[in-house]
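Chain letters run A, B, ... following the sequence lines, proteins first and then strands; every chain starts at 1. Both backbone and side-chain heavy atoms feed into the values below; hydrogens, waters and symmetry mates do not.
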Amino acid sequence: MKIFNTETRRKETFEPLEPGKVRLYVCGPTVYNYFHIGNARPFVIFDTLRRYLEHRGMQVTFVQNLTDIDDKMIRRANEEGITVKGLADRFIAAYFEDAAALGIRPATIHPKATDHIGEMITLIETLISKDLAYASNGDVYFDTQRYRAHYGKLSGQNLDDLESGARVDVDETKKHPMDFALWKAQKPGEPAWESPWGPGRPGWHIECSAMSMKHLGETIDIHGGGQDLVFPHHENEIAQSEGATGKPYVRYWMHNGFLNIDNEKMSKSLGNFMTVHDIIKEYDPEAVRFFLLSAHYRSPLNFSREQIEQAHAALQRLYTARDNYLFLLEKAEAQDSNAEDEAIITAAKDAAAQFDAAMDDDLNTADAIGVLFELVRTANILLKPGTGKSAVQAVLDAFAEISGVLGLVKPAENKEDAALEALLDARAAARKARNWGESDRIRDELAALGWAVEDTPQGQKVRKV
RNA sequence: GGCGCCAUAGCCAAGUGGUAAGGCGAAGGUCUGCAAAAUCUUUAUCACCAGUUCGAAUCUGGUUGGCGCCUCCA
């Protein structure tokens, strides 16, 4: 598989450090609010990456942190008059609920920052002992000047360029404007933990370094996140981690493009966001996932309600196709396939191979979705009432394999229902008698019960609406 | 000022040297008691200019337009 590595700015062949095992870390949510659809993009992308790596036989240890202590957490908790912990508990629960709706599987481990204060302190102490960090009035800062030669390798900036940008606040407790906080001294009304530098709390960047190292080791395979994390967050993670261990921190950096709205970045600070929590009250959550996967992950993607509706319509085609194949499988009489069916089996295998090829090319989900639709079109043309079971099954297998990795198309629903059976029998009898009035009346009755019935050469086919 | 990205049909989108995947939408046809589903046909020369090449959406230079990071942010 090829992965575009942000650090080298080129596609590289992905080889995990340890064959067959992948260490994957993705920056998770700060749990001070519901996550918005832009936040959801990396969650869905990296969930899909994880599914694909597993599909290719890798054992993936996937760590996604929960940032449950930072300025925004504290501010929001104070606004609501609740504890930071209370706020975190609420939105952690909400995260898992909304993520599940989007088909995002829980990571292997979801470490919380507040459960790793000890590890962070240890890491900071190491940096101080290596003279890469210094304490100042209860704060601790990373000393970028002492790391000057390496700082900026991920974002392609160097300290000179960054300094010329001159948008960094001057802070008298810092030696240099680009130095960043590893530990922040407690301010009135803030939660704090004891440390060698007095009570305080960790800086944001140190959280990910400490949790990644604890759960995945000093060198990991893939670290993912949104492009806005490249600088300073990930740059600082590298400085902290490699400064402390002297070893490479991350072998492949992956960053997704932004989710825009009206061609502007959707962000909480701009206030132009829509939370997933709200949007899935209005639209099919699966359509949201489809939409997020419909473009390549590094491209910007513009959100609109029309796009979600298009995604929903596209998804319907997949559901209809899958249900049609299941119906054909059920009605198929021939067990074995004949010569004509070989073309179908070949097409199914080809689709599975093309899907892998698309995903191997830097996780090209847009192309991969195209492969799925091509399989559907081919199958719709080739599958007929006389097709043997094994050929229909081959299509269903390829379909399930592809859609499963994409996390799309839920399993078929059980249609066992005595009342349904009785109505279908009655309708079949009416149709046999060419009593169209009665047939249509029963069809309306079924519709009222939530069943759509279609007539096919093999008899009536029902689906849940 | 530094670093970087994008521009493909009505909408979305893949495609990085050999002559435009796929989806949504639209129009017309086939099938069907009707309907649904399906299928067939139609719906683009890839922002603009110049260059390299036998050949460019795809490479180079430029123009125009849009966006992002450099400050919390996926």
Side-chain angles (χ1 to χ4, degrees), chain A residues 6 9 26-30 32 35-46 70-72 75 152 155-158 160-169 177-178 180 204 224-233 235 255-260 263-270 273 290-291 294-302 304 306-318 320-321 323-324 327 354 358 361 364-377 379-381 383-384 431 434-437 439-440 443-444 447 452-457 460-461 463:
Chain A
T6 307
R9 296 183 188 184
V26 176
C27 291
T30 299
Y32 71 106
F35 65 90
H36 62 64
I37 191 169
N39 302 130
R41 191 170 187 196
F43 302 158
V44 167
I45 294 293
F46 291 107
D70 85 328
D71 293 346
K72 296 185 294 294
R75 194 179 65 230
S155 54
Q157 307 259 0
N158 57 51
D160 292 333
D161 295 336
L162 289 164
E163 284 155 10
S164 71
R167 290 208 295 161
V168 183
D169 290 339
M178 293 310 297
F180 56 91
W204 176 41
Q227 272 169 359
D228 47 358
L229 298 186
V230 172
F231 192 93
H233 185 53
E235 198 68 74
H255 292 96
N256 62 275
F258 294 126
L259 191 289
N260 294 333
N263 287 315
E264 273 194 323
K265 177 183 173 182
M266 182 183 287
S267 76
K268 287 176 180 169
S269 48
L270 288 176
F273 64 91
F290 186 103
F291 162 68
S294 68
H296 185 85
Y297 75 90
R298 283 188 288 112
S299 305
L301 182 59
N302 207 39
S304 72
E306 187 191 359
Q307 293 313 308
I308 302 297
E309 284 165 16
Q310 287 188 8
H312 180 73
L315 218 35
Q316 288 314 299
R317 178 167 162 86
L318 296 179
T320 301
D323 290 346
N324 284 344
F327 184 76
Q354 282 164 18
D361 184 14
N364 193 336
T365 54
D367 206 9
I369 287 173
V371 171
L372 183 57
F373 277 98
E374 284 179 72
L375 169 67
V376 165
R377 190 160 53 82
N380 285 346
I381 293 168
L383 290 183
K384 294 186 284 283
R431 290 178 58 73
R434 304 187 70 78
N435 184 347
W436 307 126
S439 169
D440 292 349
R443 183 162 65 191
D444 291 344
V453 61
E454 296 163 12
D455 298 309
T456 77
Q460 302 177 90
K461 180 163 102 58
R463 65 186 166 87

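Both distances falling under 3.5 Å, in either a Watson-Crick or a G-U wobble arrangement, place A26(B) opposite U42(B). Across all strands shown, U53(B) forms no Watson-Crick or G-U wobble pair with both key distances under 3.5 Å. When both distances must be under 3.5 Å, the Watson-Crick or G-U wobble mate of G1(B) is C70(B). When both pairing distances are held under 3.5 Å, U58(B) makes no Watson-Crick or G-U pair with any nucleotide shown. Pairing partner, A37(B): none, since no Watson-Crick or wobble contact has both distances short of 3.5 Å. The nucleotide A7(B) finds its pairing partner in U64(B), both defining distances of the Watson-Crick or G-U wobble pair being shorter than 3.5 Å.
For the pair E235(A) (side chain) and S155(A) (backbone), a donor-acceptor distance under 3.5 Å is present. With hydrogens and angles ignored, the 3.5 Å screen pairs a side-chain donor or acceptor of R41(A) with a backbone N or O of G257(A).
Within the structure, every side-chain polar atom (N or O) of S299(A) is placed at least 4.0 Å from both OP1 and OP2 of A7(B). Taking 4.0 angstrom as the limit, K265(A) places a side-chain polar atom (N or O) nearer than this to OP1 or OP2 of C69(B). Residue R317(A) places at least one side-chain N or O under 4.0 Å from the OP1 or OP2 atom of G23(B). Note on N380(A): every side-chain N or O is 4.0 Å or more away from OP1 and OP2 of A37(B). Between R377(A) and the phosphate of A21(B), there is no side-chain N or O to OP1/OP2 separation shorter than 4.0 Å.
Where stacking is scored as ring centres under 5.5 Å apart with planes under 30°, W436(A) registers as stacked on the base of G33(B).
No donor-acceptor contact under 3.5 Å links the side chain of N260(A) to the base of G68(B). Residue Q310(A) places a side-chain atom within donor-acceptor reach of the base of C11(B), judged by atom type and a 3.5 Å distance cut-off alone. Counting distance only, with no hydrogens placed and no angle test, the side-chain atoms of D455(A) and the base atoms of C34(B) include a donor-acceptor pair under 3.5 Å. For R9(A) against G4(B), a side-chain-to-base donor-acceptor contact under 3.5 Å is absent. Residue R443(A) places a side-chain atom within donor-acceptor reach of the base of C34(B), judged by atom type and a 3.5 Å distance cut-off alone.
Atom C1' of nucleotide G22(B) and atom CG of L375(A) are separated by 13 Å, given to the nearest angstrom. L301(A) has its CG atom 15 Å from the C1' atom of G68(B), to the nearest Å.
Across H296(A) and D361(A), no two heavy atoms sit closer than the pair CE1-O, 4.4 Å. Nearest heavy-atom pair across Y297(A) and H255(A) is CE1-O, 3.7 Å. Taking every heavy atom of both residues into account, K265(A) and L270(A) meet most closely at O-CD1, 3.3 Å.
Taking only side-chain atoms of E374(A), from C-beta outward, the nucleotide of C40(B), A21(B), C24(B) with the closest atom is A21(B).
Toward the 5′ end of RNA chain B lies the nearest nucleotide of A313(A), the other residue of the pair A313(A) and N256(A) mapping further downstream. Nearest-nucleotide mapping onto RNA chain B: of A321(A) and G257(A), the residue sitting toward the 5' end is A321(A).
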